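Along the sequence shown, residues are numbered consecutively beginning with 1. Every value quoted in this text rests on a predicted model; they were computed, and no experiment measured them.
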Amino acid sequence: MGRRRAKVDADHPLPRGLNLHGKTYRARHTGQQWTYFGHDYSDAIKAFKAWQAAKAMPGTVGELLDRCVGDVWPGRVRAGTMKQRTASDYMKDTDALKVGLGKCPLKALKPHHIAAFKNARAKTNPAHVRNELACLSSAISYGVEEGMLDQNPCYEVQRPPKSVRERLVTNAEYLAVHERAIPSVQLAMVLAVRTLGAPADVLAFGIRNVVTYADGRKTLRFRRGKTNVQVEVEIVGDLAAALAPFIAQASLHKAFVRTRAGTPYTVTGIGAMFRRYAEKAGVSDFSLRDLRAKGATDMYRAGVPIRHIQLLLGHKSVRTTEIYLKGLLTEIVRPNELPIIAAV
């Protein structure tokens, strides 16, 4: 009979075999090394179940995905070679992949199988199929490294094009949503449009990111979650006004954008709240993520140097910024106005 757990949290029950060691969830098979599943309860539960299920479908795509969820991707997060956000997204994406391709033997997996999955998912979830293919490719690349299959068939399948907004958010739409939103959502909006931060970046901002220089200037220093590029934004104007209450008064809370109870929002949670206020304002196709694009295009139209916009966006190359802006803005050109003269 095994030793009883020293502590049990009624709000976070653990399945048999999964243990909390300090702040990290872990488990192991008899006689083997511990496998660690990170600090997040929900991710740990899913990773643990996938780790257990990895033996259920040997040699299949499903087994490979379960192995990645239960061991490979958490290991990369600990090693610093994968962001926790990416690993969490991949964990969610494996659900659809296992339904569509889980029973397929790895050795028999061909590009046309993946293309069929892509086409089927494009009909029901066109906005997310690119992410699911990226998740599958990551798992299969690991399988190739481990000798489970010879090559990655994902490379031969063309991914669906990224969806591009047909229009940009106007100032009137922004103000209409801002007027109806609660203070925490208003703050998230200001931070997003002034720092060009993605929702995950905005939710991570806290007093620890504020840097004070000897001359009294204050900046917001952080790393972009997607590119890991460090950005330092001077706290002036609307940004200074929005953060003044938090900077002036010491707080134990880690994040500026937080609930009334002081707990941080999730990207999904703040996004759902934002959409409700957008719908009340009559702007149904407006999301918090769109404010990054709005801020960048507003700056570009106002003549701000593209190098400055690049630094604020956290792009490693100014070429990326040019492509990003070109995808958002339609350039207006004059027609051919040369006179048509009959040949002499």
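For the residue pair Asn152 / Ser137, a side-chain donor-acceptor distance below 3.5 Å is found, with atom types taken as modelled. Side-chain atoms of Thr219 and Glu232 form a donor-acceptor pair, as typed in the model, at a separation below 3.5 Å. Looking at Thr86 and Asp89, their side chains never bring a donor and an acceptor atom within 3.5 Å of each other.
Ile140 places a side-chain heavy atom less than 4.5 Å from the side chain of Pro153. A heavy-atom distance below 4.5 Å is not found between the side chains of Arg76 and Cys68. The side-chain heavy atoms of Arg258 and Thr263, taken from C-beta on, include no pair separated by under 4.5 Å. No side-chain heavy atom of Arg223 sits less than 4.5 Å from a side-chain heavy atom of Val229. Using a 4.5 Å cut-off on side-chain heavy atoms (C-beta onward), Tyr277 and Glu179 make no contact. Side-chain atoms of Thr195 and Asp201, non-hydrogen and from C-beta on, never get closer than 4.5 Å to each other. Counting heavy atoms from C-beta on, the side chains of Glu156 and Gln151 come closer than 4.5 Å. Considering only heavy atoms from C-beta on, Tyr25 comes within 4.5 Å of Tyr41 through its side chain.
The structure places CE of Met273 at 5.0 Å from OG of Ser184, a figure rounded to the nearest 0.5 Å. A distance of 12.0 Å separates SG of Cys104 from CG of Leu97, quoted to the nearest 0.5 Å. One distance of note links OG of Ser287 with CZ of Arg292; it measures 12.5 Å at 0.5 Å rounding. Between Ile45 atom CD1 and Leu14 atom CG the span is 5.5 Å, to the nearest 0.5 Å. Distance check, rounded to the nearest 0.5 Å: NE2 of His253 to OG1 of Thr259 gives 8.5 Å. In this structure, NE2 on His308 lies 4.0 Å from CE on Met299, to the nearest 0.5 angstrom.
For Phe117 against Gly100, the heavy-atom pair with the smallest separation is CD1-CA, 4.1 Å. Across all non-hydrogen atoms, the minimal contact from Ala87 to Val77 is CB-CG2, 3.6 Å. Residues Val267 and Pro199 come closest through the heavy atom pair CG1-CB, 4.1 Å. Nearest approach of Leu291 to Ala192, heavy atoms of both residues: CB-CB, 3.9 Å. Here the closest heavy-atom approach between residue Leu220 and residue Ile235 is recorded as N-CG1, 3.8 Å. Nearest heavy-atom pair across Met91 and Pro74 is CE-CG, 4.2 Å.
Within the 6.0 Å centre-distance limit, the rings of Phe286 and Phe274 are counted as a close aromatic pair.
Ion pairing of Lys294 with Asp298 is present here, as a side-chain N (NZ or NE/NH1/NH2) and a carboxylate O approach within less than 4.0 Å. We find that Lys98 and Asp66 are joined by a salt bridge, their nearest charged nitrogen and carboxylate oxygen being less than 4.0 Å apart. Under the 4.0 Å criterion applied to side-chain N and carboxylate O atoms, Arg275 and Glu279 are not assigned as salt-bridge partners.
One N or O on the side chain of Gln186 and one on the backbone of His178 form a donor-acceptor pair closer than 3.5 Å. Judged by distance alone, with hydrogens and angles left aside, the side-chain atoms of Ser138 form no donor-acceptor pair with the main-chain N or O of Cys135 at under 3.5 Å. One N or O on the side chain of Asn209 and one on the backbone of Arg221 form a donor-acceptor pair closer than 3.5 Å. In this structure, Arg224 contributes its side chain and Val231 its backbone to no donor-acceptor pair below 3.5 Å. Side-chain atoms of Gln310 come within 3.5 Å of backbone atoms of His315 as a donor-acceptor pair (strictly under, hydrogens ignored).
Using the six-membered ring where Trp is involved, Tyr90 and Trp73 have ring planes that are tilted, between 30° and 60° apart.
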Would you check, one step at a time, whether the test side chain to side chain donor-acceptor pair (under 3.5 Å) holds for Ser88 with Gln84? CA-CA 6 Å; Ser88 297; Gln84 179 60 59; 3.0 Å; yes
Take Thr212 and Lys218 through the side chain to side chain donor-acceptor pair (under 3.5 Å) test and state the conclusion after the steps. CA-CA 4 Å; Thr212 303; Lys218 294 184 184 296; 2.9 Å; yes
Evaluate the side chain to side chain contact (heavy atoms under 4.5 Å, CB included) criterion for residues Ile207 and Phe246: first the C-alpha distance (whole Å), next the side-chain angles of each, then the deciding distance (0.1 Å), finally the verdict. CA-CA 7 Å; Ile207 194 64; Phe246 303 94; 5.7 Å; no
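For Gln249, the CD atom sits in a loose shell: 12 or fewer heavy atoms of surrounding residues, nucleotides or ligands are nearer than 6.0 Å. Annotation: Lys107, atom NZ; neighbour count of heavy atoms from other residues, nucleotides and ligands within 6.0 Å is above 12.
Linking ILVMFWY side-chain heavy atoms closer than 4.5 Å, directly or via other members, places Leu311 and Val236 in two distinct hydrophobic clusters. Connection of Val211 to Val233 is not established within any shared hydrophobic cluster, with ILVMFWY side chains joined at heavy-atom distances below 4.5 Å, either directly or through further cluster members. Leu65 and Val99 are members of different hydrophobic clusters when ILVMFWY side chains are connected at heavy-atom separations under 4.5 Å. Cluster membership check: Val144 shares its hydrophobic cluster with Ile114, using side-chain heavy-atom separations under 4.5 Å among Ile, Leu, Val, Met, Phe, Trp and Tyr. Cluster membership for Val61 and Tyr155, using ILVMFWY side-chain heavy atoms within less than 4.5 angstrom, is not shared.
Evaluated for a ring-ring contact (aromatic ring centres under 6.0 Å, His included) with Phe205, the options Phe256, Tyr265, Phe222 yield exactly one hit, Phe222.
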